[in-house]
Amino acid sequence: MNSKAFFVTRRSFLKKCSLAAAAAGLPAWFVERDLAEAAPRPKRLGPNDRPAIALIGCGGMGRGDGANAMRFGDLVAVCDVDDTHAAAAAEQYGKNGRTPDKYNDFRKVMERDDINVIITATPDHWHTLINLAAAKAGKDVYGEKPLSLTIDEGKQMVKAVHKSGIVFQTGTQQRSSDKFRLACELVRNGRIGRLKQITVWLPAGLRDGPFSPSQPPQGLNWDFWLGQAPKVDYITQRCHALWRFWYDYSGGTVTDWGAHHNDIARWAVDLLGPVSVEGEALTQPIPGGYTAISDYVINYTYANGVLHTVRTTHDDSIYGGVVNEKGQRNGIKFEGSDGWIWVNRAEIEASDEALLSTPLPAGAQRLYVSNDHMGNFFDCVRSRKLPVAGVETGHRSASLCHIGVIALRLGRKLQWDPAREKFTGDGAKEANQWLARKMRKPFDYSFAGA
Ligand SMILES: NC(=O)c1ccc[n+]([C@@H]2O[C@H](COP(=O)([O-])OP(=O)(O)OC[C@H]3O[C@@H](n4cnc5c(N)ncnc54)[C@H](O)[C@@H]3O)[C@@H](O)[C@H]2O)c1
């Protein structure tokens, strides 16, 4: 059978699907189980038990997360080191004559006993300190991906969440998408035979520069924004939204888009991590410009022999939008001995439609059902159950990306011990030095009270 996206083209198959399944491009058997067996979709909380929420980091994603969370709770505080962003967020979320309180220092937010939930949507280099402070204060956290800037930070987070008993959801919302869950369930249950190769396509990063320093905009506390990262002059391209192309604050698109697609690869493989990783830069950054390698190939190997390749594409934009319609979309391809499955946010396809349309047998391995990532978090805030993307999931998937960045920066093959969370063998000494970073004072772990 051919490999076209058959859901829209094959009427016979659509007939078998419920209306909902057809609309979502999913087989009926899969959706029916969701409707019949899954936990009910998150309900709105009653007027008397709506949690009080604080949003920390009021940029592009934070503003979206805040609006999303307001379906389930009341946004009572916003915090940003840029006054302009905090003010815009406060105005956006104000309702019925009540405007959220504004803060610049997240530690003040943690002092408020009336706040139950923190949304952390700062750049990656601030995630851990804010999340550690929230755990210490006993507040539940919806923390944007990637969980951490380094593997050491992720380990600290896992410990802190366990110790405090807070509910933590990593903002990898693809775990709450039925397309990705279907792909992972099929792969895990051997639908494509023995899994051999996973190929993850990520949007390429930006390669630009050199850039010139300028005065920080009024209202932005640049030193606080830099936090643990080295002290440098303000450059527009280092700051809002573009920080993700600098290794001081991020891992480039390996940890940006990779935090989503590599997480799905790991969900299907069902292992803590690979045993080897090799990175190759296809271009080098421009001196004085963005530092993160924009075009690359990373090859991981798992203990069961599965290969996992990560490649960049220029055919989708850094926001995931289509640049070249005929080109390579970002997404994940699973190839096995008996066929393949391709999945991304827009579609799921297979080498043979029967691979998707044939129901899994009774007793097949099924995965955690969540169809609303923010809703699943607030459900768990009430039930105290583990969310679909808990801290260990966030940590292990971020670690997969981090070791990829380390191999890429060192330009070599490395052996990884996922149980001990250390590199071993040739090159291990140098690579292990990248597991943690020197944090600029006073923005080290003690800043979070940890
Ligand atoms: N889940 C997703 O699909 C998705 C999509 C985009 C971004 N993200 C994640 O969301 C986070 C934010 O990304 P963005 O694109 O919105 O970045 P952004 O630069 O637009 O916004 C970040 C905001 O955090 C503020 N900030 C920086 N340090 C702070 C601190 N110490 N305290 C309070 N505020 C601080 C900045 O001033 C800015 O307003 C990142 O971790 C990113 O990876 C997730």
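We count ligands from 1, going down the list as the structure has it; atoms in each ligand are counted the same way.
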Arg384 atom CZ, neighbour heavy-atom count above 12 within 6.0 Å: yes
For ligand 1, the portion of Glu144 having any non-hydrogen atom under 4.0 Å away: side chain
Those atoms of ligand 1 less than 4.0 Å from some heavy atom in Gln173: 1 (N), 2 (C), 3 (O)
Sub-3.5 Å N/O-N/O distance, Leu220 and ligand 1: no
Pairs meeting criterion salt bridge (charged side-chain N to carboxylate O under 4.0 Å, His left out) with involvement of residues 269-295, two or more places apart: Arg188-Asp270
Atoms in ligand 1 flagged as close to His85, the criterion being non-hydrogen separation under 4.0 Å: 38 (C), 39 (O)
Contact with ligand 1 for Gly227, non-hydrogen, under 4.0 angstrom: no
Crowding at CD, Glu91 (>12 non-hydrogen neighbours, <6.0 Å): no
Lys145: which of Thr255, Asp124, Asp256 passes side chain to side chain donor-acceptor pair (under 3.5 Å): Asp256
Phe224-ligand 1 polar pair, N/O distance under 3.5 Å: no
Contact check, His127 vs ligand 1, heavy-atom distance below 4.0 Å: yes
Ligand 1 to Gly171 polar contact by distance, N or O atoms, under 3.5 Å: yes
Thr122-ligand 1 polar pair, N/O distance under 3.5 Å: yes
Distance-only N or O hit between ligand 1 and Lys145, under 3.5 Å: yes
Ile56 neighbourhood, listing ligand 1 atoms whose heavy-atom distance to it stays under 4.0 Å: 33 (C)
Worked check of ring pair (Phe, Tyr, Trp, His ring centres under 6.0 Å) between Trp225 and His125: CA-CA 9 Å; Trp225 188 99; His125 65 293; 5.0 Å; yes
Sequence neighbours excluded - side chain to side chain donor-acceptor pair (under 3.5 Å) pairs with any residue from residues 433-443: Asp223-Arg440, Lys441-Asp444
